[in-house]
Amino acid sequence: MSRHAQHPVRSVDEHRRAVTEALRGVRARTETVPLAAAAGRVLAEDLVAPLSLQPFDNSQMDGFAIRAADSRTAPGEDGRTPFVVVAPVPAGHVPGPLGPGEAAPVMTGAPLPPGADAVVPVEESLPGGFPAPGTHLRLPAGQPAGRFVRRAGEDVVAGDTALVAGQRLTPARIGLAAALGCAELTVRARPRAVLYTTGDEVVAPGAARGPAQIFDANAAILRAQLAEAGVEVVGAHLLSDDAGAFAARLAEDTARRPDFFVSSGGVSEGAYEVVRQVLAPHGEFVHVAMQPGGPQGLAAPGGVPFVCLPGNPVSTLVSFEMFLRPALTGTVGAPAPRARRTGPLAEAVRPLPGRTQVRRAVWDGATVRMAGGPGSHLLAAAARANALALVPAGGAELPAGTPVELLLLD
């Protein structure tokens with residue numbers, strides 16, 4: 001009998017969809033945050049513009065505000081029209097109306113005087129610079145209406161939907177909200193997760209380590225990945241291979257209603273797979289056609305989603321990137337998806353029959369070089385990587401130069 005015969009086998013895409021579906025209800029809560037704390041969050045409701053942008057006609061550059069029609073009146077032999085300089089208009093000040101034949105020095109962003117419909121850059125004037133009011137100057141004839149004028153409402157009109165619910169708040173979107181006068185925004189609440197790492201063989205970093213034990217890297221990996229994904233870890237526990245203790249801990253944490261659980265370890269067919277033993281009645285355990293990270297589980301004890309990842313450190317890291325991170329993107333809207341590239345292999349790689357191989361790789365912008373071997377225990381090699389290379393299932397060796405798909409981690 002195959003060692004995977006007890007579990008159904010899923011493709012990578014099938015399991016990603018299953019994890020996304022399991023987390024479907026995570027995005028229900030909302031909260032209002034100051035604009036300064038909104039970066040990377042996901043907008044929970046449409047932002048309707050309370051004013052237009054620009055709020056008023058204003059100058060695109062330093063120059064002279066004029067009536068464009070005046071520049072087409074009696075130009076001289078030099079192709080210029082005379083104007084009389086009036087009071088300047090600094091930014092932030094309300095100007096008076098502009099009369100025929102008048103030119104008002106206007107600064108970038110300053111309102112156009114009533115009656116003005118064009119701006120002539122200061123460097124096109126004779127004499128140069130900004131002369132005192134009452135001075136005569138000459139400007140090029142034939143100025144078109146609207147030249148170097150930022151029209152009121154040309155960017156956003158009051159009452160328009162400026163930002164749409166579900167958008168991730170990038171710097172530009174936060175800037176738009178600020179320009180519209182918003183001091184705070186309603187966003188989807190950060191998901192709250194409880195994290196379990198399991199196994200008698202692991203101890204916390206800094207604790208005394210027995211001769212048959214290793215330090216727990218998985219909790220640190222998952223904490224960092226969850227933080228990067230915008231998830232708040234509201235509980236983290238290192239649990240022994242004791243099904244009773246695991247069940248008791250789970251019952252206590254379920255009563256606190258986190259948005260989801262995530263665990264590493266205890267999902268295979270061994271005799272001490274405590275996660276599978278306790279959660280099997282509440283979900284399913286499958287084998288995904290992927291290496292590393294084949295054994296996976298999904299459950300919902302007490303109605304709370306529980307994502308069960310395998311226990312080898314690189315398997316944990318890869319499984320989060322392949323399944324949990326994109327599921328959060330699909331349901332909560334954050335984090336932003338990993339950038340994808342296609343690049344040629346720097347050396348030959350042998351794929352696995354029937355399984356997608358997720359190799360840790362270094363992408364230098366030109367070629368893809370594997371960082372260490374495919375083993376799920378090679379954490380130092382994973383630390384050197386800046387990408388995950390997705391090697392499709394197959395039997396024949398892929399020669400150097402073969403293009404492969406990449407997920408960029410940096």
Side-chain angles (χ1 to χ4, degrees), residues 6-8 10 13-31 41-42 44-45 165-166 186-198 218-219 222-223 225-227 229-268 273-288 293 295-311 316 319-320 322-335:
Q6 296 180 39
H7 292 335
R10 278 186 182 153
D13 288 342
E14 286 171 338
H15 193 63
R16 185 181 296 118
R17 287 193 293 269
V19 177
T20 301
E21 186 59 34
L23 296 184
R24 226 15 114 183
V26 168
R27 62 182 175 183
R29 296 179 301 110
T30 64
E31 61 182 348
R41 304 296 294 272
V42 178
E45 55 188 35
T186 300
V187 298
R188 293 176 184 168
R190 293 189 190 278
R192 297 166 300 154
V194 172
L195 166 62
Y196 293 156
T197 51
T198 65
N218 291 2
L222 286 172
R223 269 188 178 275
Q225 288 180 306
L226 289 164
V231 176
E232 181 185 0
V233 176
V234 294
H237 307 285
L238 175 55
L239 303 176
S240 67
D241 291 326
D242 181 320
F246 184 95
R249 179 77 258 175
L250 177 61
E252 184 176 338
D253 288 334
T254 301
R256 295 173 178 164
R257 306 305 297 176
D259 291 304
F260 67 95
F261 291 93
V262 60
S263 67
S264 66
V267 295
S268 295
E273 306 299 324
V274 63
V275 175
R276 180 167 56 83
Q277 291 170 12
V278 173
L279 293 179
H282 307 282
E284 60 179 352
F285 288 82
V286 301
H287 194 88
V288 177
Q296 301 283 338
L298 286 172
V304 181
F306 199 126
V307 181
C308 314
L309 307 179
T316 297
S319 296
F320 185 99
M322 296 296 290
F323 304 124
L324 188 48
R325 183 185 168 101
L328 289 167
T329 300
T331 56
V332 181

Minimal non-hydrogen separation, Gly244 against Asp242, with atom names
N-OD1, 2.9 Å

Atom CD of Gln225 and atom CG of Asn218: how far apart are they, to the nearest 0.5 Å?
9.5 Å

Mark yes or no for whether Glu273, through its side chain, and Ser268, through its backbone, hold a donor-acceptor pair below 3.5 Å.
yes

Residue pair Thr30, Glu45: steps toward the side chain to side chain contact (heavy atoms under 4.5 Å, CB included) verdict
CA-CA 9 Å; Thr30 64; Glu45 55 188 35; over 6 Å; no

So how far is it from Ser263 OG to Leu195 CG, rounded to the nearest 0.5 Å?
8.5 Å

Roughly how far, to the nearest 0.5 Å, is CG of Leu279 from CZ of Phe261?
9.0 Å

Please work out which of the three classes, parallel, tilted or perpendicular, describes the rings of Phe323 and His15, given edges at 30° and 60°.
perpendicular

Test Arg16 against Asp13 for side chain to side chain contact (heavy atoms under 4.5 Å, CB included), laying out the working first.
CA-CA 5 Å; Arg16 185 181 296 118; Asp13 288 342; 2.9 Å; yes

Separation between CZ (Phe246) and CD (Gln277), nearest 0.5 Å, reads 10.0 Å

Looking only at heavy atoms, the pair that brings Ala22 and Leu298 closest together is CB-CD2, 4.2 Å

What I'd like to find out is whether the side chain of Arg256 reaches to under 4.5 Å of the side chain of Arg192, using heavy atoms alone.
no

Heavy-atom check, side chain of Glu14 versus side chain of Val286, under 4.5 Å:
no

Roughly how far apart are Thr254 OG1 and Arg249 CZ, rounded to 0.5 Å?
10.0 Å

Measure across Gly293 and Val288 and return the closest heavy-atom pair with its distance rounded to 0.1 Å.
O-CB, 4.5 Å

Would you find a donor on one side and an acceptor on the other, under 3.5 Å apart, between the side chain of Thr329 and the backbone of Pro335?
yes

Heavy-atom closest contact (Gln296 atom, Ser319 atom, distance)
NE2-OG, 2.8 Å

Taking the side chain as everything from C-beta on, heavy atoms only, tell me whether Arg10 gets closer than 4.5 Å to Arg17.
no

Does any non-hydrogen side-chain atom of Val194 lie less than 4.5 Å from one of Val234?
yes

Ignoring hydrogens and geometry, is there a side-chain-to-backbone donor-acceptor pair from Thr198 to Ser264 under 3.5 Å?
yes

Contact summary for Arg190 and Asp259, nearest pair of heavy atoms
O-OD2, 4.1 Å

What I'd like to find out is whether the side chain of Leu226 reaches to under 4.5 Å of the side chain of Val262, using heavy atoms alone.
yes

For Pro310 and Thr316 the tightest heavy-atom approach is O-OG1, 2.7 Å

Under a 4.5 Å cut-off applied to non-hydrogen side-chain atoms, are Pro258 and Val304 in contact?
yes

Return the set of residues passing side-chain hydrogen bond (donor to acceptor under 3.5 Å, both in side chains) with Thr197 (not counting sequence neighbours), or none when no residue passes.
Asp216

Without swapping roles, check the side chain of Arg188 against the backbone of Val332 for a donor-acceptor pair under 3.5 Å.
yes

When rounded to the nearest 0.5 angstrom, what distance separates CG in Leu222 from CZ in Phe320?
7.0 Å

Would Leu328 and Phe260 count as a side chain to side chain contact (heavy atoms under 4.5 Å, CB included) here? Give the steps.
CA-CA 11 Å; Leu328 289 167; Phe260 67 95; 4.1 Å; yes

